[in-house]
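Every number for a ligand or one of its atoms is a count from 1 in the order of the listing.
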Amino acid sequence: MNILKFDFSSHGDDRGQLIALEGKRDIPFDIKRVYYIYNTAKGVRRGYHAHKRLEQILICVSGSCKILLDNGFETEEVLLDDPTVGLYISNNMWREMYDFSSDAVLLVLASELYDEKDYIREYQEFIKFIRG
Ligand code: TYD
């Protein structure tokens with residue numbers, strides 16, 4: 001599977017690091033929504049859905065977690081443990097998030113506002129949707 005990762009440039013100096021992200025410049029879409037997942041309980045696995053339209057960039061800004069991507073034909077596991085790296089997730093991609101470290105903060109930049117109708121939450125429905 002083609003995994004698209006973005007390497008963000010960090011404005012580092014002796015005070016520390018700063019990363020700024022602008023829609024359509026540093027990432028391929030306008031950012032309409034931001035959310036973050038933190039204080040994740042041990043052993044939790046979440047996600048279990050795909051989106052019909054939504055595109056996202058996932059950045060583990062603290063700690064680490066793993067992402068399973070499934071395009072209906074192939075799967076790939078991606079480790080996110082670097083705040084300078086953004087994982088692009090296109091529409092029509094099943095995702096699961098797991099192995100969160102206790103300090104993990106997973107920041108998500110989204111191309112659309114929250115819309116439950118955009119979700120596919122049943123795996124078999126996703127497979128049908130993808131394969132026609
Ligand atoms: P949920 O879809 O279960 O999260 P995940 O897919 O990561 O397992 O979302 C948890 C709750 O948060 C659910 O009640 C919907 C709500 N939510 C919003 O209100 N806005 C949002 O942008 C997101 C992503 C979730």
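Distances from atom 25 (C) of ligand 1 to the protein include at least one heavy-atom value under 4.0 Å. Contact annotation for atom 14 (O) of ligand 1: protein absent (non-hydrogen atoms, distance under 4.0 Å). Protein heavy atoms all stay at least 4.0 Å away from atom 11 (C) of ligand 1.
The local environment of CZ in Arg25 is sparse, with at most 12 non-hydrogen atoms from other residues, nucleotides or ligands closer than 6.0 Å.
Of the N or O atoms in Arg121, one or more lie within a sub-3.5 Å distance of an N or O in ligand 1. Annotation: Tyr35 places no N or O atom under 3.5 Å from an N or O atom of ligand 1; distance criterion only. Between Gly47 and ligand 1, an N or O atom pair is found at a separation short of 3.5 Å.
For Arg46 and Phe100, the positive end is not near the middle of the six-membered ring at less than 6.0 Å and at most 45° from its axis.
Between Lys52 and Asp118 there is no salt bridge, since no side-chain N of the basic residue sits under 4.0 Å from a carboxylate O of the acidic one.
Nearest-heavy-atom check against atom 1 (P) of ligand 1 across Arg46, Arg33, His49 picks out Arg46. Selection from Tyr119, Tyr48, Tyr36, Tyr114 by nearest heavy atom to atom 18 (C) of ligand 1 gives Tyr114.
Counting heavy atoms from C-beta on, the side chains of Leu109 and Leu21 come closer than 4.5 Å.
The six-membered or imidazole ring of Tyr114 lies near that of Tyr119, with a centre-to-centre distance under 6.0 Å.
Results of the side chain to side chain donor-acceptor pair (under 3.5 Å) test with Glu112 over Arg53, His51, Gln56 single out Arg53 as the only residue that passes.
Taking the six-membered ring for Trp and thresholds of 30 and 60 degrees, Trp94 and Tyr123 have ring planes more than 60 degrees apart, a perpendicular arrangement.
Counting heavy atoms closer than 4.0 Å to ligand 1, residue Glu116 contributes nothing at all.
Proximity to Met97 (heavy-atom distance under 4.0 Å) selects the following atoms of ligand 1: 7 (O).
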